[in-house]
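Let me begin by presenting the structure, written as structure tokens, before commenting on it.
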Amino acid sequence: MSVTTRFAPSPTGFLHIGGARTALFSYLYAKRFNGQFLLRIEDTDRERSTQEAVDAIFEGMAWLGLHGDNKAPIYQTQRFDRYKEVIAQMLAAGTAYHCYASKEELDALRAEQMANKQKPRYDGRWRPEAGKLLPTPPAGVNPVVRFRNPTEGEVVLNDLIKGTITFASDELDDLIIARADGTPTYNFCVVVDDMDMGVTHVIRGDDHVNNTPRQINILRALGATPPAYAHVSMILGSDGAKLSKRHGALGVMEYRSMGFLPEALLNYLVRLGWSHGDQELFTREEMIAKFDFDHVSASPARFDMEKAWWVNHQYLKSVDPSVVVPEFQWHLEKIGVDVSQGPSLTAVIEQQRERCRSLVEMAEKSKFFFAELDGYNEKDAAKHFNPAALALLAELRGQLEALPEWTTEALHAAVNGFAEAKGLGLGKIAQPIRVAVCGMAVSPPIDATLFLLGRTRTLARLAAAAGSA
RNA sequence: GCUCCUAUCGUCUAGAGGCCUAGGACGGAGCCCUCUCACGGCUUUAACCCCGGUUCGAAUCCGGGUAGGAGCGCCA
């Protein structure tokens, strides 16, 4: 059986981390079965939907490399004719009916039911029944259209993640499928779209579980076979609270700014709620080959930054440097570094990746390779720039200047030989050099650092430091 | 209030009745390595929400609590 999944965000904000994971699961499941992963924009709420949000979502998806298989995403606002057609069909078939109850009337009904400790629901006052006398439609009122929900039996949902969930039909009231102005509502559009798009697996947040039985009933009323459902639990903040704008509810592009590699974020996300034995790291191919719903947890998971950083570090260390280059360059440029004036980014990445968990950190720690020093770290200078050390730097500078070739090996021999000749541990000389050329006491191995920095910059900075005494 | 969902180390999880004196990973602690910061290696820390039941045997099955969460719109 071919598999078709979809990701259907409503464009009211950026692509957040929970949405990204839902999209990832949908993507992986479709790819696993050589199926289709479709994109749909649920923009029927014209008040809240914006083009900026649509763009932000696409930007996030593109950065993560989660591409839809449809040429152009489907927009619900472009399908109104189709929805009207289906509503007309249902009205004609008697599976939907007009309701003239006013909002005030409905509000009063809800208030009364709440007061009686009942679940608020439509009481069916305009629902046609055999032998029932309907009220006279009030003049000048545009009716809404309601779905005529079956009242007998139960709806059984075999959720791929949560297992079997049963709903009693009489718990379900007659929901509105078209507003008084004729525009269709969410639960209805979803059903028609999924049916028309041939969606076989609906993968979405578990806040939709309670909508599912109604959607199944509409599908049945339309004579369609309901798809399989997988309701993914939500992602919580590290404090266990729901992610809100105030804390943690960041767009995926924020994670880029923080210094994550897209494939690392994906890897962290796929392991949040899903597992494959003890395996922590997966290439995209492995994710596709191994992803399944049997091992997706039904309970919500907290987002743990520490673990996410660990995963990011694993990627930085193991991935081919060429895939890191574009992101690294983006971060360097973001802090105003001109990457044309310095060593190759690949070489810098190879030296720095062991000691950086994020690209922000890597950019900060590599700035000195490309830009002039803006002073020395005060504590480091105070500790390592004593008169004796500065005299050593001046002396070493002379030896380096005379070096016939500027290679890591030659520099290694020169610096180590110098320390040995002076009867000093390497640390005694390497640390002052670091502060002099890097501005701080932390850098890759000293030979590699000097090599990457280059002869001109190294000699100039040693001279500047020695002369600062 | 009603309906629905969830519950193993601090966190993510393995676990589909005996393989569990509960495994892995992140984090924490310690040791080793070491020119700084790191990497790496080793050791260690810490959990089956509670109460009943089924069974020779339960983290695993059932029931009831408790605690979290979601939904109950002419929002999506």
Side-chain angles (χ1 to χ4, degrees), chain A residues 8-12 42-45 47-49 76 99 101-103 106-107 110 113-121 142-146 157 159 161-163 165-168 171-173 175-181 183 185-187 189-190 205-213 231 233-234 236 238 240-242 268 271-281 294-295 297-311 313 317 352-357 365 380 384 415-416 419 424-431 433-435 438 440-447 449:
Chain A
S10 52
T12 55
E42 310 212 321
D43 55 352
T44 51
D45 183 357
E47 302 278 304
R48 297 197 302 155
S49 301
Q76 290 188 325
C99 167
S102 69
K103 286 183 187 176
L106 262 16
D107 286 344
R110 249 192 297 274
Q113 287 166 330
M114 290 287 252
N116 289 334
K117 300 186 175 181
Q118 289 170 322
K119 182 175 181 170
R121 58 210 306 231
N142 288 323
V144 300
V145 178
R146 285 186 186 271
L157 161 63
D159 193 90
I161 295 172
K162 307 223 179 238
I165 306 173
T166 306
F167 300 86
E171 281 295 328
L172 279 17
D173 63 356
L175 74 158
I176 292 172
I177 58 176
R179 303 181 181 94
D181 66 4
T183 58
T185 59
Y186 168 77
N187 277 110
C189 297
V190 167
D206 71 355
D207 47 335
H208 290 288
V209 174
N210 289 288
N211 289 149
T212 309
H231 286 99
S233 64
M234 49 182 221
L236 270 22
S238 56
K242 186 179 177 179
Y268 177 72
R271 272 290 286 108
L272 194 60
W274 173 75
S275 60
H276 187 266
D278 288 339
Q279 190 172 351
E280 297 287 349
L281 271 10
D294 293 345
H295 294 86
S297 169
S299 55
R302 300 186 190 201
F303 191 97
D304 180 12
M305 263 303 170
E306 287 302 321
K307 178 104 180 233
W309 283 128
W310 177 79
V311 173
H313 194 193
K317 281 194 304 181
Q352 296 281 213
R353 59 187 188 169
E354 253 177 24
R355 57 203 90 235
C356 300
R357 296 206 301 177
K365 286 183 173 171
D380 293 340
H384 300 292
V415 176
N416 285 51
L424 295 170
L426 188 52
K428 290 287 180 203
I429 187 69
Q431 286 305 80
I433 300 176
R434 276 201 172 84
V435 180
C438 312
M440 56 191 167
V442 173
S443 88
I446 201 67
D447 48 3
T449 300

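Residue numbering restarts at 1 for every chain, and letters A, B, ... go by the order of the sequence lines.
As a whole-Å value, the separation of Leu172(A) CG from rC2(B) P is 18 Å. Here rC37(B) presents its P atom at 17 Å from CZ of Arg357(A), a figure rounded to the nearest Å. One interatomic measurement links the two molecules: CZ of Arg146(A) to C1' of rC74(B), which rounds to 8 Å at whole-angstrom precision. To the nearest angstrom, P of rU3(B) lies 20 Å from CG of Leu175(A). Atom-to-atom, CD of Gln352(A) to C1' of rU36(B) comes out at 12 Å; the value is rounded to the nearest Å. In this structure, Gln279(A) places its CD atom 14 Å from P of rA14(B), rounding to the nearest Å. Counting to the nearest Å, the P atom of rA16(B) and the CG atom of Asp294(A) are 13 Å from each other. One can place CG of Leu281(A) at 19 Å from P of rC12(B), the figure rounded to the nearest angstrom.
Of the listed nucleotides (rG24(B), rA76(B), rC35(B)), rC35(B) has the atom at the smallest distance from the side chain of Leu426(A). Here the side chain of Asn187(A) is nearest to one of rC74(B), rA76(B), rC39(B), namely rA76(B). Looking at the side chain of Trp310(A), the nearest of the listed nucleotides rC4(B), rC26(B), rA76(B) is rC26(B). Nearest nucleotide to the Ile165(A) side chain, out of rC35(B), rG15(B), rC5(B): rC5(B). Closest to the side chain of His295(A), out of rC35(B), rC26(B), rG15(B), is rG15(B). Closest to the Asp304(A) side chain, of the nucleotides rU6(B), rU36(B), rU11(B), is rU11(B). Picking from rU6(B), rA76(B), rC35(B) the nucleotide with the shortest atom distance to the side chain of Ser299(A) gives rU6(B).
At least one side-chain heavy atom of Leu426(A) sits under 4.5 Å from a side-chain heavy atom of Asn416(A). For the pair Arg302(A) and Leu236(A), the minimum side-chain heavy-atom distance is below 4.5 Å. Side-chain contact between Gln113(A) and Lys119(A) is absent, with no heavy atoms from C-beta onward closer than 4.5 Å. At least one side-chain heavy atom of Ser443(A) sits under 4.5 Å from a side-chain heavy atom of Cys438(A). Considering only heavy atoms from C-beta on, Phe167(A) comes within 4.5 Å of Val209(A) through its side chain.
Note on Gly273(A): only backbone sugar-phosphate atoms sit closer than 4.0 angstrom, heavy atoms only; bases stay farther off. Residue contacts for Ser275(A): at a heavy-atom cut-off of 4.0 Å it reaches the sugar-phosphate backbone alone, with no base atom in range. Backbone-only contact: Lys317(A) has heavy atoms under 4.0 Å from sugar-phosphate atoms and none from a base. Using a 4.0 Å heavy-atom criterion, one finds that His276(A) contacts no nucleic acid atom at all. Ala301(A) comes within contact range of the sugar-phosphate backbone alone, with a heavy-atom separation under 4.0 Å but no base atom that close. Using a 4.0 Å heavy-atom cutoff across all strands shown, Arg271(A) reaches at least one base atom of the nucleic acid. At the heavy-atom level, Pro444(A) lies under 4.0 Å from base atoms of the strands shown. Among the heavy atoms of the strands lying under 4.0 Å from Thr44(A) are primed sugar atoms or P, OP1, OP2 only; no base atom is included. Contacts of Ile446(A) with the nucleic acid, taken as non-hydrogen atoms under 4.0 Å apart, include base atoms. Residue contacts shown for Lys103(A) include a base, since a base heavy atom lies under 4.0 Å away. Contacts of Lys307(A) with the nucleic acid, taken as non-hydrogen atoms under 4.0 Å apart, include base atoms. Within 4.0 Å (heavy atoms only), Glu171(A) reaches sugar-phosphate atoms of the nucleic acid but no base atom. The residue Ala441(A) sits close to a base: some heavy atom pair falls under 4.0 Å.
Donor-acceptor pairing under 3.5 Å, judged by distance alone, is absent between the side chain of Arg302(A) and the base of rU11(B). With hydrogens and angles ignored, a donor-acceptor pair under 3.5 angstrom links the side chain of Glu280(A) to the base of rG24(B). Side chain Arg353(A) to base rC39(B): no donor-acceptor pair is found below 3.5 Å.
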Applying side-chain contact (heavy atoms from CB on, under 4.5 Å) to Glu42(A) and Cys189(A), what does each step give before you reach the verdict?
CA-CA 9 Å; Glu42(A) 310 212 321; Cys189(A) 297; over 6 Å; no
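Between Lys317(A) and Glu354(A), no side-chain nitrogen of the basic residue sits less than 4.0 Å from a carboxylate oxygen of the acidic one, so the salt-bridge criterion is not met.
The glycosidic torsion of rC39(B) lies within 90° of 0, which places this base in the syn conformation.
For the atom pair Ile165(A) CD1 and Thr212(A) OG1, the distance stands at 7.5 Å (nearest 0.5 Å). Note: His295(A) NE2 to Ile161(A) CD1 = 13.0 Å, rounded to the nearest 0.5 Å.
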Restricting both atoms to N or O, compile the protein contacts to nucleotides 66-73 of chain B shorter than 3.5 Å, with distance only.
residue, atom, partner, partner atom, Å
rC72(B), O2', Pro120(A), O, 2.7
rG73(B), OP2, Arg110(A), NH1, 3.3

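At distances below 3.5 Å, at least one donor-acceptor pair connects side-chain atoms of Arg271(A) with backbone N or O atoms of Gln279(A).
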